[in-house]
Amino acid sequence: ACHQFCADANRHERPETSQSTMPTLNDQQLAELLDEVGSAIEHSIPIPEALERVAEQQHGNTAKVAENLVTTLRQGASLEASFQKLELADQGQITAAIQAAAQTGKPDLLYSFAETLRSRHDAKHTIKLNWFYPCILTVLAYFLFVNSLAPLVRDNQMLIAQWPDAVVGASVWIENWWWVPPCIATAFIAAVFLLLRKRQSLPSTLSHSWFYSTLASQLDNNVPESQAIHTAALMAGDIELSQT
């Protein structure tokens, strides 16, 4: 009975462990994975074999995700369902690209979305670099202000008698409560970061561009209109477009 209880407990705990340790991919890694899937579709290579090659040649999260996809595909799941289990942020666009490839036999949309992911990855990297040096300079300037300028203003007040009382009071306050402004700035930046991170919808211009280009590509490959519109709406990240 004890062995049976332990077996049942382990059986219930495994799904939770697998979900908690589900690896995540950045835009660059996801783009490379989609390129491999597109290449397999284009050259009629079994997708599990292509993903097994990725798992052997890559490392880190890319290899783990490829292994996860191979396992799911071997269990009989479709490629679309296998990617959905990864719970990626761009799940709608990935689903649409896979559907388009299945309907037309051409991985053009997979390649296009992979290029978009690379562009977004490069843009994020550039933004981080552009913010790095101003942040370092801001921290350094604040440190010098607290340790040098504020005491100088306070000590010289009685000698020069030129500083206003408000300036002297602010200097005394900043010496005693120097940790308050960094805490406020950290909380504000964290709130902005979380707000931007929760926004999963694409900008309207990019969303409509994806919709029209995907719709045109589908119709050019003789996909039925209703299915083409649905796939284009998924690619745009706005299912309401399919009802327009």
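The first residue of the sequence shown is numbered 1, and numbering continues consecutively from there.
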Cluster check [X], [Y]: I/L/V/M/F/W/Y, side chain < 4.5 angstrom:
| X | Y | answer |
| --- | --- | --- |
| L73 | V54 | yes |
| V223 | L234 | no |
| F143 | L149 | no |
| V192 | F132 | no |
| I47 | L30 | yes |

Shortest non-hydrogen contact from [X] to [Y]?
| X | Y | result |
| --- | --- | --- |
| P48 | V70 | O-CG2, 3.7 Å |
| L109 | A97 | CD2-CA, 3.9 Å |
| I174 | S171 | CG2-O, 3.2 Å |
| F113 | I94 | CE2-CG1, 3.8 Å |
| Q218 | A228 | CB-CB, 3.5 Å |
| T214 | A232 | CG2-CA, 3.7 Å |

From [atom1] ([X]) to [atom2] ([Y]), nearest 0.5 Å:
| X | Y | atom1 | atom2 | answer |
| --- | --- | --- | --- | --- |
| L86 | L25 | CG | CG | 7.5 Å |
| Q84 | S78 | CD | OG | 7.0 Å |
| W131 | T138 | CH2 | OG1 | 8.5 Å |
| E36 | E32 | CD | CD | 8.5 Å |
| H125 | Q28 | NE2 | CD | 11.0 Å |
| L219 | Q227 | CG | CD | 11.5 Å |

Between Q91 and T95, is there a side-chain donor-acceptor contact under 3.5 Å, judged purely by atom types and distance? yes

Exactly one of I45, I98, L79 should register a side chain to side chain contact (heavy atoms under 4.5 Å, CB included) with V37. Which one does?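 Testing V37 for a side chain to side chain contact (heavy atoms under 4.5 Å, CB included) against I45, I98, L79 leaves exactly one candidate, L79.
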
Sole candidate of T62, L34, V65 that passes side chain to side chain contact (heavy atoms under 4.5 Å, CB included) when paired with Q29: T62

Step by step, work out the side-chain contact (heavy atoms from CB on, under 4.5 Å) result for K106 and N221. CA-CA 9 Å; K106 299 178 181 179; N221 288 279; 3.2 Å; yes

Determine whether a donor-acceptor pair (N or O, by modelled atom type, separation under 3.5 Å) exists between the side chain of [X] and the backbone of [Y].
| X | Y | answer |
| --- | --- | --- |
| Y142 | P182 | no |
| S213 | S209 | yes |
| S44 | A40 | no |
| H43 | S39 | yes |
| N68 | K64 | no |

side-chain contact (heavy atoms from CB on, under 4.5 Å) between R118 and D35: does it pass, once the steps are laid out? CA-CA 11 Å; R118 286 192 182 89; D35 277 341; 2.3 Å; yes

Output, in order, the C-alpha distance, side-chain angles, deciding distance and verdict of side-chain contact (heavy atoms from CB on, under 4.5 Å) for F83 and L33. CA-CA 11 Å; F83 269 96; L33 192 63; 4.2 Å; yes

Can you label the angle between the W179 ring and the W177 ring as parallel, tilted or perpendicular, going by 30° and 60°?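 Aromatic pair W179/W177 classed tilted.
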
Any chance you could lay out the side-chain contact (heavy atoms from CB on, under 4.5 Å) test for Q93 and W210, step after step, and finish with the verdict? CA-CA 9 Å; Q93 286 73 28; W210 272 118; 5.8 Å; no

Test item: V146 and E175 side chains (from C-beta on) under 4.5 Å apart, heavy atoms: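 Side-chain contact under 4.5 Å: no.
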
Flag the pair N147 / W178 as yes when at least one side-chain heavy-atom distance between them is below 4.5 Å, and no otherwise. no

Salt-bridge criterion met for E52 and R74 (N-O under 4.0 Å): yes

